[in-house]
Amino acid sequence: QVQLVESGGGLVQAGGSLRLSCVTSGRTKYQYTMGWVRLSPGKDREFVAAISGVGATTTYGDSVKGRFTISRTNANNTLYLQMNSLKHEDTAVYYCAASRRALSVPIQLVEFEYWGQGTQVIVSS
């Protein structure tokens, strides 16, 4: 399976911005659909955003729509999540994920086959 490595998490004040990155390692036969999923203590994993293989289509969870932007640079196999107007409730571990399936809207979390180890985001109130 492919390996996904996230980075860019940290501590930020409410109203601030943060950019997460995810690098895919190794050779890949498919152009993967990729996305971000987050997990907070005591809550189920929540879909954040996803992007199609060539970046033509994006979709967002309702709680982040209008504040977060997902993008990708396929030349260096990197996925990004630009997070603006951060709220305390955005505090979570953010996971990069990938799927061999074409992007469908809405996307189901079970469709993601590969997962990174996560990067922690803490938004102070």
Side-chain angles (χ1 to χ4, degrees):
Q1 64 183 43
V2 301
Q3 287 186 289
L4 309 176
V5 180
E6 304 96 333
S7 63
L11 175 65
V12 64
Q13 294 183 350
S17 298
L18 203 63
R19 189 183 74 162
L20 306 182
S21 299
C22 172
V23 177
T24 303
S25 64
R27 290 177 175 268
T28 57
K29 182 177 180 62
Y30 302 97
Q31 192 68 61
Y32 294 103
T33 293
M34 299 191 71
W36 294 94
V37 179
R38 65 187 182 185
L39 177 64
S40 298
K43 300 177 64 177
D44 292 333
R45 290 193 173 191
E46 178 186 15
F47 171 74
V48 176
I51 188 168
S52 60
V54 297
T57 304
T58 59
T59 184
Y60 298 89
D62 290 339
S63 64
V64 306
K65 194 174 300 181
R67 299 187 297 120
F68 291 9
T69 302
I70 189 171
S71 62
R72 67 192 298 163
T73 301
N74 289 340
N76 57 6
N77 301 312
T78 304
L79 175 74
Y80 303 96
L81 183 67
Q82 178 65 48
M83 305 185 292
N84 298 325
S85 301
L86 283 163
K87 305 174 181 179
H88 184 258
E89 49 264 45
D90 294 319
T91 296
V93 176
Y94 285 72
Y95 296 89
C96 175
S99 172
R100 290 177 292 173
R101 300 180 183 182
L103 176 62
S104 61
V105 181
I107 191 169
Q108 303 297 312
L109 295 185
V110 295
E111 295 177 4
F112 289 119
E113 302 169 275
Y114 308 102
W115 297 81
Q117 295 182 358
T119 185
Q120 184 174 259
V121 172
I122 300 175
V123 183
S124 61
S125 59

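This chain uses plain numbering: 1 for the first residue, then up along the sequence.
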note = Closest non-hydrogen contact found for Y32 with A98 is CB-CB, 4.1 Å
request  = Tell me, please, which residues at least two apart from K65 pass side-chain hydrogen bond (donor to acceptor under 3.5 Å, both in side chains).
outcome  = D62
key: Shortest non-hydrogen contact from A49 toward Y60   = CB-CD2, 3.5 Å
task = Give the cluster check for L79 versus V2: same hydrophobic cluster or not, with ILVMFWY residues linked at side-chain heavy-atom distances below 4.5 Å.
result = yes
task = Any disulfide (SG to SG under 2.5 Å) involving residues 35-87? Give me the pairs, sequence neighbours left out, ordered by first then second residue.
result = none
request  = Report the residues that fulfil side-chain contact (heavy atoms from CB on, under 4.5 Å) with V12, sequence neighbours left out, ordered by chain and then residue number.
outcome  = L86, V123
All side-chain hydrogen bond (donor to acceptor under 3.5 Å, both in side chains) counterparts of R19, not counting sequence neighbours = none
key: Residues forming a side-chain hydrogen bond (donor to acceptor under 3.5 Å, both in side chains) with T78, sequence neighbours excluded   = N76
message = Under the rule for side-chain contact (heavy atoms from CB on, under 4.5 Å), what residues qualify as partners of A97, not counting sequence neighbours?
response = F112, W115
message = Considering only residues two or more places apart or on different chains, which pairs with a residue in residues 116-125 satisfy side-chain hydrogen bond (donor to acceptor under 3.5 Å, both in side chains)?
response = none
inquiry  = One pair to check against side chain to side chain contact (heavy atoms under 4.5 Å, CB included): L103 and I51. What are the steps and the verdict?
reply    = CA-CA 7 Å; L103 176 62; I51 188 168; 5.7 Å; no
request  = Check ring-ring contact (aromatic ring centres under 6.0 Å, His included) between Y94 and all other residues, then give those that pass, not counting sequence neighbours.
outcome  = none
task = Can you tell me which residue pairs pass the side-chain hydrogen bond (donor to acceptor under 3.5 Å, both in side chains) test with a partner in residues 44-54, sequence neighbours excluded?
result = R38-E46, E46-S63
query = Which other residues end up in the same hydrophobic cluster as I122, if Ile, Leu, Val, Met, Phe, Trp and Tyr are linked when side-chain heavy atoms come under 4.5 Å apart?
reply = L11
query = Which pairs count as disulfide (SG to SG under 2.5 Å) when at least one residue sits in residues 52-125, sequence neighbours excluded?
reply = C22-C96
